[in-house]
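Below: one structure, written as structure tokens.
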Amino acid sequence: MKFNETDLTQLHEDLQTKKISAKELTKAAFDRIKETDDDVKAFITLNEDEALKRAEAIDNEGIAADKLLAGVPLAVKDNIVTKGLKTTAASKMLENFTPIYDATVIEKLNAQDFINVGKTNLDEFAMGGSTENSAFFTTHNPWDLTRVPGGSSGGSAAAVAAGDVIGALGTDTGGSIRMPSSYNNVVGLKPTYGRVSRWGAIAFGSSFDQIGWITNSVKNNALLTEIISGQDDHDMTSSDRQVPNWAVNLNENTNVKGLKIAVPKEYLDEGIQPGVRAVINNALKHFEELGAIIDTDVSMPHTKYGVPAYYILASSEASSNLQRYDGIRYGFRAPDAKTLEEVYVKSRTQGFGDEVKRRIMLGTFSLSAGFYDAYFNKAAKIRTLIAQDFANVLKDHDLIMGPTGANPAFEIGSEITDPKTMYMNDILTVPVNMAGLPAMSLPAGFDNGLPVGLHIIGKAFDEQTIYNAGYVFEQTTDFHKQMPKLGGQD
């Protein structure tokens with residue numbers, strides 16, 4: 001069984017009516033993983049024994065009508081803590097760390113009796129855009145095994161694209177759900193900041209981080225996001241706004257007639273590869289044919305400052321958040337350290353990879369007394385200007401659209417030695433995190449056989465309009481139905 005085209009509602013019905021058992025379904029997921037993962041390398045840790053045991057118990061209990069995820073195999077990015085199951089953040093620093101509690105999103109999924117098949121690979125501490133920064137191995141893109149899957153949620157996106165699971169949890173600090181979704185021809189939504197509790201997500205940039213889903217379809221994404229959303233006493237930044245039932249509104253009556261879509265000129269300028277621009281222009285034309293109003297006479301002038309400002313702010317938060325990994329409290333401790341100072345210095349030197357160290361140094365520098373005003377303070381002001389750009393455009397429009405990335409997936413090893421080029425890949429995604437808005441990438445076409453994602457950005461807490469537009473596009477195109485030729489898949 002391959003999960004690429006599986007519908008969650010139908011799967012729940014089949015489990016309830018015993019057309020398939022939870023154990024059979026879970027076994028099918030692991031069979032598929034074994035068929036593909038030697039090539040793709042999406043998973044750091046598999047949870048096979050526990051998952052099959054849990055599936056058998058769920059079969060014995062029976063599938064409750066109100067538990068949509070009962071017996072459904074899903075994957076979890078390895079920077080989201082799972083009680084009793086190793087959580088590494090793809091870092092040597094946490095190579096043998098087994099948490100004693102579950103993240104809030106995992107508690108919510110456990111309440112639904114989901115099956116956790118395992119933990120997916122990522123860039124170390126979610127810092128990177130290619131999954132090449134993992135301390136353990138690089139994940140490969142199922143569409144072309146010589147190319148990256150994007151990052152930092154590359155393992156989650158690759159697992160969904162390979163047909164291992166219907167959905168996988170990811171985190172998005174500057175595009176880490178959306179960019180891999182674009183590179184892998186799957187659907188990824190970064191919810192509004194505060195919509196989903198961050199408690200139990202290993203912190204990178206606390207004012208940017210958000211947990212969300214990478215899935216095989218828009219409707220499945222809506223169903224899964226609803227389950228993990230809501231206020232949480234453990235996370236003071238989580239919102240107490242009511243969580244809508246987004247999926248109910250995704251049906252044959254959903255349309256985009258009269259929808260006002262802004263396309264900022266900065267999102268389709270000369271920095272975008274011609275093949276990507278052509279795919280996005282075709283997608284916009286399709287929306288126009290469906291009755292939407294496309295406005296290209298729009299500018300977001302501060303977009304160009306997004307990347308430098310983001311890397312100062314997010315790195316500053318990372319510098320603070322990663323202080324806890326000191327070789328004393330938990331995690332890796334250098335075995336050759338003799339003094340207290342050596343414990344700190346050697347543990348962090350040996351435990352962190354190059355990209356994490358680079359961002360810690362950049363963030364510490366930006367926060368230092370002599371440079372705070374010149375860097376951190378100035379970047380914070382730019383963040384406000386970027387948020388104002390979005391507010392000004394969304395005041396008169398329902399959505400903003402453009403490409404998720406400037407190019408399709410690049411070859412493994414081709415950019416990793418050039419941090420500046422790697423950082424600039426995020427130019428279209430980081431502004432959304434700076435403004436705290438919801439945004440989705442969904443399959444929009446191909447450039448030389450490689451997937452290209454359409455980026456749909458909405459107003460704060462208006463995931464519904466994003467889902468509506470994505471659903472209508474998906475239902476009237478067949479890009480999402482195309483699958484990589486992998487492990488016997490046609």
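- Not a single donor-acceptor pair under 3.5 Å links the side chain of R359 to the backbone N or O of D354.
- Salt-bridge check for K481 with E474: failed, with every basic side-chain N at 4.0 Å or more from each acidic carboxylate O.
- For K357, the NZ atom sits in a packed shell: over 12 heavy atoms of surrounding residues, nucleotides or ligands are nearer than 6.0 Å.
- Residues F371 and F376 keep their aromatic ring centres 6.0 Å or farther apart.
- Note that the CG atom of L428 and the OG1 atom of T303 stand 8.0 Å from one another [nearest 0.5 Å].
- Closest approach of S299 to E266, counting heavy atoms only: OG-OE2, 2.6 Å.
- A side-chain hydrogen bond (donor to acceptor under 3.5 Å, both in side chains) check over residues 384-393, counting only residues at least two apart or in different chains, returns the pairs H302-D389.
- Counting heavy atoms from C-beta outward, Y310 and R383 have side chains that stay 4.5 Å or more apart.
- The minimum heavy-atom distance linking V432 with K190 is given by the pair CG1-CE, 3.7 Å.
- Residues L322 and V356 meet the side-chain proximity criterion, which asks for heavy atoms closer than 4.5 Å.
- Using modelled atom types, no side-chain atom of E95 and backbone atom of T88 make a donor-acceptor pair closer than 3.5 Å.
- Partner D164 forms a side-chain hydrogen bond (donor to acceptor under 3.5 Å, both in side chains) with one of T120, T36, N4 and no other, that one being T36.
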Residues 222-229 side chain polar contacts: donor-acceptor under 3.5 Å, at least two apart:
from: T225; atom 1: OG1; to: N221; atom 2: O; distance (Å): 2.7
from: T225; atom 1: OG1; to: N221; atom 2: OD1; distance (Å): 3.1
from: T225; atom 1: OG1; to: Y467; atom 2: OH; distance (Å): 3.0
from: S229; atom 1: OG; to: T225; atom 2: O; distance (Å): 2.6

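- N79 has its side chain within reach of L122: a pair of non-hydrogen atoms, C-beta onward, lies under 4.5 Å apart.
- Ion pairing between a basic and an acidic side chain is recognised when a charged N comes within 4.0 Å of a carboxylate O; D172 and R178 show such pairing.
- Separating the CG atom in N141 from the CD atom in E411 is a distance of 11.5 Å, to the nearest 0.5 Å.
- Side-chain atoms of T192 come within 3.5 Å of backbone atoms of F461 as a donor-acceptor pair (strictly under, hydrogens ignored).
- By the 6.0 Å and 45° rule, K41 does not stack over the aromatic ring of F137.
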* Checking side-chain hydrogen bond (donor to acceptor under 3.5 Å, both in side chains) for the pair D426/Y311: CA distance, chi angles, key distance, verdict? -> CA-CA 10 Å; D426 298 335; Y311 277 96; 2.6 Å; yes
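- When all heavy atoms of L437 and G458 are compared, the pair lying nearest together is CB-O, 3.7 Å.
- Side-chain contact check for Q210 versus R195: some heavy-atom pair is nearer than 4.5 Å.
- Aromatic rings of W199 and Y101 (six-membered ring for Trp) have centroids within the 6.0 Å cut-off, being under it.
- Counting only distance, with no hydrogens or angles, the side chain of E124 and the backbone of A135 share no donor-acceptor pair below 3.5 Å.
- Environment of CG in N282: crowded, with over 12 heavy atoms of neighbouring residues, nucleotides or ligands closer than 6.0 Å.
- Of the possible donor and acceptor atoms, one in the side chain of D123 sits under 3.5 Å from a partner among the backbone N and O of E132.
- N281 is listed as a side-chain neighbour of R277, based on a closest heavy-atom distance under 4.5 Å.
- Between the side chains of D462 and T465, a donor-acceptor pair is found at a separation under 3.5 Å.
- A search for side-chain contact (heavy atoms from CB on, under 4.5 Å) contacts involving I382 returns Y305, A309, I386, not counting sequence neighbours.
- Inter-residue side-chain proximity for F97 and K86 is flagged as unmet; no heavy-atom pair is nearer than 4.5 Å.
- E107 pairs by the side chain to side chain donor-acceptor pair (under 3.5 Å) definition with nothing, not counting sequence neighbours.
- The CD1 atom of I202 sits 11.0 Å away from the CG atom of N321 when rounded to the nearest 0.5 Å.
- For D235 and S238, the side-chain atoms include no donor-acceptor pair closer than 3.5 Å.
- N220 places a side-chain N or O within 3.5 Å of a backbone atom of L8 that can act as its donor or acceptor partner.
- Using a 4.5 Å cut-off on side-chain heavy atoms (C-beta onward), H455 and P403 make no contact.
- The distance from atom NE2 of H480 to atom CG of N185, rounded to the nearest 0.5 Å, is 9.5 Å.
- Nearest heavy atoms, N407 versus V276: CA-CG2, 3.8 Å.
- The backbone N or O of P149 sits less than 3.5 Å from a side-chain atom of N184, completing a donor-acceptor pair.
- Rounding to the nearest 0.5 Å places CG of L85 at 4.5 Å from CG of N47.
- Annotation for P408 and Q273: closest pair CD-OE1, 3.5 Å, computed over non-hydrogen atoms.
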Which atom pairs, donor and acceptor, lie under 3.5 Å between side-chain atoms of residues 440-454 and protein residues at least two apart or in another chain?
from: S441; atom 1: OG; to: T404; atom 2: OG1; distance (Å): 2.8

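- Relative ring orientation between F125 and Y325 is described as tilted, the plane-to-plane angle lying within the 30° to 60° band.
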* To do: May I have the step-by-step check of ring-ring contact (aromatic ring centres under 6.0 Å, His included) for Y193 and F208, ending in yes or no?
  => CA-CA 7 Å; Y193 184 80; F208 300 90; 8.4 Å; no
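- Inter-residue side-chain proximity for K77 and S176 is flagged as met; some heavy-atom pair is nearer than 4.5 Å.
- Note on K34 versus D37: no salt bridge recorded, every NZ/NE/NH1/NH2 to OD/OE distance being 4.0 Å or above.
- Looking at N216, its side chain does come within 3.5 Å of a backbone N or O of F3 through a donor-acceptor pair.
- Heavy atoms only, all atoms of each residue included: A161 and W143 are closest at CB-NE1, 4.5 Å.
- With rounding to the nearest 0.5 angstrom, the CG atom of D398 is 9.5 Å from the CE atom of M401.
- Side-chain contact annotation: T139 with T131, donor-acceptor N/O pair under 3.5 Å absent.
- Judged purely by atom type and a 3.5 angstrom limit, S366 uses its side chain to pair as donor or acceptor with the backbone of L362.
- Between the side chain of N133 and the backbone N or O of M127 there is at least one donor-acceptor pair closer than 3.5 Å.
- Under the rule for a side-chain contact (heavy atoms from CB on, under 4.5 Å), the partners of M424 that lie at least two apart in sequence or sit in another chain are V307, I427.
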